[in-house]
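Okay, structure first, notes after.
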2 protein chains.
Amino acid sequence: MTQFGPAIRERRERLRRDDRRYSVRQVATRIGIEPAYLSKIERGEVAPPSEATTVRLAKELDQDPDVLLAMAGKVSGDLQEIIRKRPKLFAELIRQLKEAPDHAVLRVVREVRDGDW
Amino acid sequence: MTQFGPAIRERRERLRRDDRRYSVRQVATRIGIEPAYLSKIERGEVAPPSEATTVRLAKELDQDPDVLLAMAGKVSGDLQEIIRKRPKLFAELIRQLKEAPDHAVLRVVREVRDGDW
DNA sequence: CGTCATGTGTCATACCTAGTACACACTATG
DNA sequence: CATAGTGTGTACTAGGTATGACACATGACG
C-alpha cells in the first residue's frame with residue numbers, strides 16, 4: 001500500500017510543475033494549516049491529519065477524498081453514519097462482500113442504482 | 001436513538017435478575033476494567049469506552065457487537081478495513097444504499113450470498 | 001450483628017491528537 | 001546582489017481519551 005505522505009508529496013509536486021502555486025507553503029495556507037505541519041505530513045514524520053484536513057487537502061489536490069482517507073487509515077464520517085444507522089444490515093453486507101471481486105461489487109452497485117424498489 | 005450507557009445498564013440488570021453474577025463489579029472484573037469505570041459508563045458520565053472494551057462488554061452481555069458499537073458512535077475496525085481496501089467501490093455502494101429500505105438491502109445481501117461469481 | 005458485596009464519588013494520570021509558533025538555511029529571480 | 005519564497009528543524013501546547021486507585025455509604029446474607 002502506498003503511504004499517505006509520499007502520495008501527497010508526489011501529487012503536489014506534479015501539480016507544481018505546471019503551477020508554482022502548489023508549494024508546501026501556499027497549499028498549506030490555502031487549506032488552513034501551518035506549512036511546517038504539511039511538510040511533516042508529506043514526509044510521514046507525523047501521522048496523517050484529521051478527516052477534515054484530509055478532505056480539504058484532497059479537494060485542493062483534486063483527488064478522491066475517500067481514497068485519501070483510506071490511505072490515512074480512516075473511513076469518511078458520512079459513510080460511518082450510514083452504517084451506524086443500520087449496523088446489522090450493513091455489517092452483514094460489507095462482510096459478505098469482503099472477498100467478492102470488484103466486478104461483482106460493481107454489479108451490485110449498478111443493480112441498486114437502477115433498482116425499482 | 002437509545003443511549004449507550006442506559007442500554008448497557010438495562011441489559012445487565014435484566015441478566016442480573018436471573019444471575020447474581022451480573023453485578024457492576026463482577027462484569028467489570030470479567031471484562032477487565034474498573035468497576036467505577038463501568039458504573040460511569042452505564043450512567044453516561046463518561047463517553048462510551050474503546051472499541052475493544054465495547055466488544056468485550058457486548059460478548060459478556062450477549063449482545064451484537066456491531067449494534068453496541070453503533071450506539072457508541074463507532075464502526076467496527078474490521079468493517080473499516082474492508083472499506084479501506086477498496087474505498088471508491090465501497091463508498092459508492094454504501095452511499096447508494098443510504099436511502100434504500102431495509103428489504104432492498106437485505107435482498108442484495110441474499111443475492112451476494114447466493115451469487116455465482 | 002458482623003461482614004461481605006454493591007454502586008458510586010473524588011482525584012489523579014499517561015498517552016494521544018492535531019496541531020501552532022518561529023527561526024534557519026537554501027534557492028531562484030529580477 | 002538583494003530579496004522574496006521555499007522546505008524544514010525544534011519546541012511547545014490545549015484538549016480529549018481511557019482509564020486506575022481508593023474510599024465511602026448502603027444494603028443483603030448467614
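Proteins come first, then strands; the chains are lettered A, B, ... in the order of their sequence lines, and each starts at number 1.
- Counting only residues at least two apart or in different chains, side chain to side chain donor-acceptor pair (under 3.5 Å) contacts with residues 64-77 of chain A comprise A:Asp66-B:Arg95, A:Ser76-A:Asp78.
- With a 4.5 Å cut-off on side-chain heavy atoms, A:Ile94 and B:Ile94 count as touching.
- Note: B:Ile41 CD1 to B:Glu34 CD = 11.0 Å, rounded to the nearest 0.5 Å.
- Applying the 4.0 Å criterion to OP1 and OP2 of C:dG7, one finds that B:Arg16 has a side-chain N or O inside that range.
- Within the 4.5 Å cutoff, no side-chain heavy atoms of B:Val75 are placed close to those of A:Val75.
- Legend: residues meeting side-chain contact (heavy atoms from CB on, under 4.5 Å) with B:Arg30, ordered by chain and number and at least two apart, are B:Arg21, B:Tyr22, B:Gln26, B:Val27, B:Glu60.
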N/O to N/O distances under 3.5 Å, protein versus nucleotides 20-26 of chain C:
residue	atom	partner	partner atom	Å
C:dT20	OP2	A:Glu34	N	3.0

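- Residues B:Pro87 and A:Leu69 fail the side-chain proximity criterion, which asks for heavy atoms closer than 4.5 Å.
- The shortest distance between side-chain heavy atoms of B:Leu79 and A:Phe90 does not fall below 4.5 Å.
- Judged by distance alone, the side chain of B:Arg11 and the main-chain N or O of B:Leu61 form a donor-acceptor pair under 3.5 Å.
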(message) salt bridge (charged side-chain N to carboxylate O under 4.0 Å, His left out) for B:Arg14 and B:Glu10? Distances and angles first, verdict last.
(response) CA-CA 6 Å; B:Arg14 161 151 237 98; B:Glu10 205 166 313; over 6 Å; no
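- Side-chain contact check for A:Leu97 versus A:Leu93: some heavy-atom pair is nearer than 4.5 Å.
- Of all nucleotides in DNA chain D, those with any atom nearer than 4.0 Å to a heavy atom of chain B start and finish, going 5' to 3', at D:dA18 to D:dC22.
- B:Ile41 has its CD1 atom 14 Å from the P atom of C:dG7, to the nearest Å.
- Atoms CG (A:Leu38) and P (C:dA18) sit 16 Å apart, rounded to a whole Å.
- At its two ends the helix from C:dC1-D:dG30 to C:dG30-D:dC1 runs along axes set 10° apart, each axis drawn from five pairs and the angle rounded to 10°.
- Checked by atom type and distance alone, the side chain of A:Glu51 pairs as donor or acceptor with a backbone atom of A:Gly77 at under 3.5 Å.
- Across all strands, B:Arg12 comes closer than 4.0 Å only to sugar-phosphate atoms, never to a base (heavy-atom distances).
- Contact check of residues 43-67 of chain A against DNA chain D (heavy atom, cut-off under 4.0 Å) returns A:Arg43, A:Glu45.
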(message) Set out, in order, the CA-CA distance, both residues' side-chain angles and the distance that settles side-chain contact (heavy atoms from CB on, under 4.5 Å) for B:Val108 and A:Glu111, then state yes or no.
(response) CA-CA 9 Å; B:Val108 174; A:Glu111 248 172 67; 5.7 Å; no
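- Using modelled atom types and a 3.5 Å distance limit, the side chains of A:Ser39 and A:Arg43 yield a donor-acceptor pair.
- B:Arg20 has no side-chain polar atom (N or O) that falls below the 4.0 Å cut-off from OP1 or OP2 of C:dC4.
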